[in-house]
Amino acid sequence: MTTSTETAKPLLGISACLLGQSVRFNAGHKHSPVCTQLLGELFDWQPVCPEVRAGMSVPRAPVRLLATDRGLRMVGSRDATFDVTEAMQQVADHYSAESLAELSGFVFMQKSPSCGLFRVPVYNAHGQSADHGAGLFARTVQSANPLLPCEEAGRLHDPLIREHFISRVLAYQAWQQLRGSRPQLRDVLAFHARYKYQLMAHSPSGQAELGRLLAGVRRDTLDSALDQYAELFFRVLAILPARRGHVNALMHIRGYLKRRGLLPAEQQRLDAVMESYRQGLIPRMVPMNLLRHHFDRYPDAYIAGQVYLNPPVAHPLLMHGA
């Protein structure tokens with residue numbers, strides 16, 4: 001089986017209906033052009049419909065989540081005696097054990113009692129939507145690998161959320177490749193150095209904490225530190241960066257241009273662009289492109305390796321931002 005770490009594109013799991021497969025309860029689909037046309041340029045897909053895998057027919061009676069004294073159940077929307085909880089849980093457990101290791105992310109179908117990530121209605125015995133949670137399949141996948149970047153298709157229409165998700169997937173694939181290479185301490189330090197300013201944009205305190213963690217690692221404690229590092233690394237990247245975080249990272253990068261021969265007019269122009277971005281008058285791509293232009297003239301090996309300024313995949317979807 002081909003894994004995401006052996007291909008040019010990351011391999012992501014996806015709810016099959018989002019690719020246009022007619023697997024929903026009404027024999028329809030929820031084709032997502034955002035996934036197939038936009039993200040499809042960057043990712044390969046591994047589709048799955050957990051309800052079909054659980055033996056449910058197409059078409060089929062709709063199901064919903066029901067809160068009971070036995071815990072959360074997946075039952076028929078019209079007939080609560082139709083209970084597929086155990087079958088769905090078995091599918092989710094098997095999928096998590098057999099398929100997650102090869103994935104670099106997952107896109108779920110929103111509101112689905114099996115695949116929804118956020119605010120899936122949970123009904124009470126009176127048929128009222130009394131709470132919200134995650135679908136049974138999605139919840140199991142997240143529990144099996146909390147570091148795996150996961151998102152709902154509907155939320156990916158937001159360009160900021162979409163860029164954030166893409167950057168997390170690319171970072172996760174890079175981490176998979178690093179872990180698969182049996183890294184030495186110097187390799188982990190080099191990985192961390194490449195992500196310094198991306199981490200800073202998400203959380204300066206998180207970036208500093210990761211640096212302190214690595215500063216205390218020795219060659220003989222590396223193995224035990226890798227899981228701790230990964231947990232914190234992806235927890236930091238899961239924070240949606242705000243404009244002030246980007247300004248902080250960009251200003252640190254701008255500092256490498258000091259004493260590099262920029263003319264006074266060029267320095268003034270760069271400062272003006274930075275200030276315009278800080279005020280929300282221009283998109284982030286403007287100061288980033290101007291910084292790239294200056295570093296093309298005055299190369300710096302450290303900055304050239306920064307994922308934040310030079311992502312591993314050059315694509316317009318990574319050029320949005322607050």
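Basis for what follows: all heavy atoms, side chains included, without hydrogens, waters or symmetry-related copies.
- For K9 (side chain) and G40 (main-chain N/O), a donor-acceptor pair under 3.5 Å exists by modelled atom type.
- The two residues C115 and A138 come nearest to each other via the heavy atoms O-CB, 3.6 Å.
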- Decide yes or no on side-chain hydrogen bond (donor to acceptor under 3.5 Å, both in side chains) for H293 and N289, but give the supporting numbers first. CA-CA 6 Å; H293 165 73; N289 282 341; over 6 Å; no
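- Here L160 contributes atom CG and F165 contributes atom CZ; the two are 15.5 Å apart, rounded to the nearest 0.5 Å.
- Judged by distance alone, the side chain of R243 and the main-chain N or O of Y277 form a donor-acceptor pair under 3.5 Å.
- Of all heavy-atom pairs spanning R168 and P149, the tightest one is NH2-CA, 3.5 Å.
- The side-chain hydrogen bond (donor to acceptor under 3.5 Å, both in side chains) check on H132 picks up nothing, with sequence neighbours excluded.
- For the residue pair Y195 and A174, the shortest heavy atom distance occurs at OH-CB, 3.5 Å.
- Under the 3.5 Å distance criterion, the side-chain polar atoms of Q142 are left unmatched by any main-chain donor or acceptor of C150.
- Taking each heavy atom of L103 and Q46 in turn, the nearest pair found is CD2-OE1, 3.8 Å.
- Look at R278 and E275 and you find a salt bridge, because one of the NZ, NE, NH1 or NH2 atoms lies within 4.0 Å of a carboxylate O, short of that distance.
- Within a 6.0 Å sphere centred on CZ of R244, other residues, nucleotides and ligands contribute 12 heavy atoms or fewer.
- Under the 3.5 Å distance criterion, the side-chain polar atoms of S181 are matched with a main-chain donor or acceptor of L178.
- R119 has no carboxylate O lying under 4.0 Å from a charged side-chain N of E152, or vice versa, which leaves the two without a salt bridge.
- Minimum interatomic distance between A193 and Y302 (heavy atoms only, all atoms of both residues): O-OH, 3.7 Å.
- Smallest separation of non-hydrogen atoms from Q306 and R194: OE1-O, 3.2 Å.
- No donor-acceptor pair under 3.5 Å is formed between the side chain of N248 and the backbone N or O of M251.
- Proximity of a side-chain donor or acceptor of H29 to a complementary backbone N or O of H31 within less than 3.5 Å is detected.
- Between the side chain of R60 and the main chain of S57, a donor-acceptor pair closer than 3.5 Å is present.
- A distance-only check finds a donor-acceptor pair linking the side chain of T85 to the backbone of M74 [under 3.5 Å].
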- Query: For D271 and Q267, what are the C-alpha separation, side-chain angles and deciding distance, and is it a side-chain hydrogen bond (donor to acceptor under 3.5 Å, both in side chains)?
  - Reply: CA-CA 6 Å; D271 290 340; Q267 295 179 21; over 6 Å; no
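- Interatomic distance, Y256 OH to L291 CG, rounded to the nearest 0.5 Å: 13.0 Å.
- For R182 and D187, the salt-bridge test fails: no basic side-chain N is under 4.0 Å from an acidic carboxylate O.
- Taking the side chain as every heavy atom from C-beta outward, R260 and R297 never approach each other to under 4.5 Å.
- When atom types are taken as modelled, the side chain of Y298 and the backbone of G261 share a donor-acceptor pair closer than 3.5 angstrom.
- In this structure, the side chains of V23 and E51 stay at 4.5 Å or more apart for every pair of heavy atoms.
- S276 contributes a side-chain N or O that, together with a main-chain N or O of A272, makes up a donor-acceptor pair within less than 3.5 Å.
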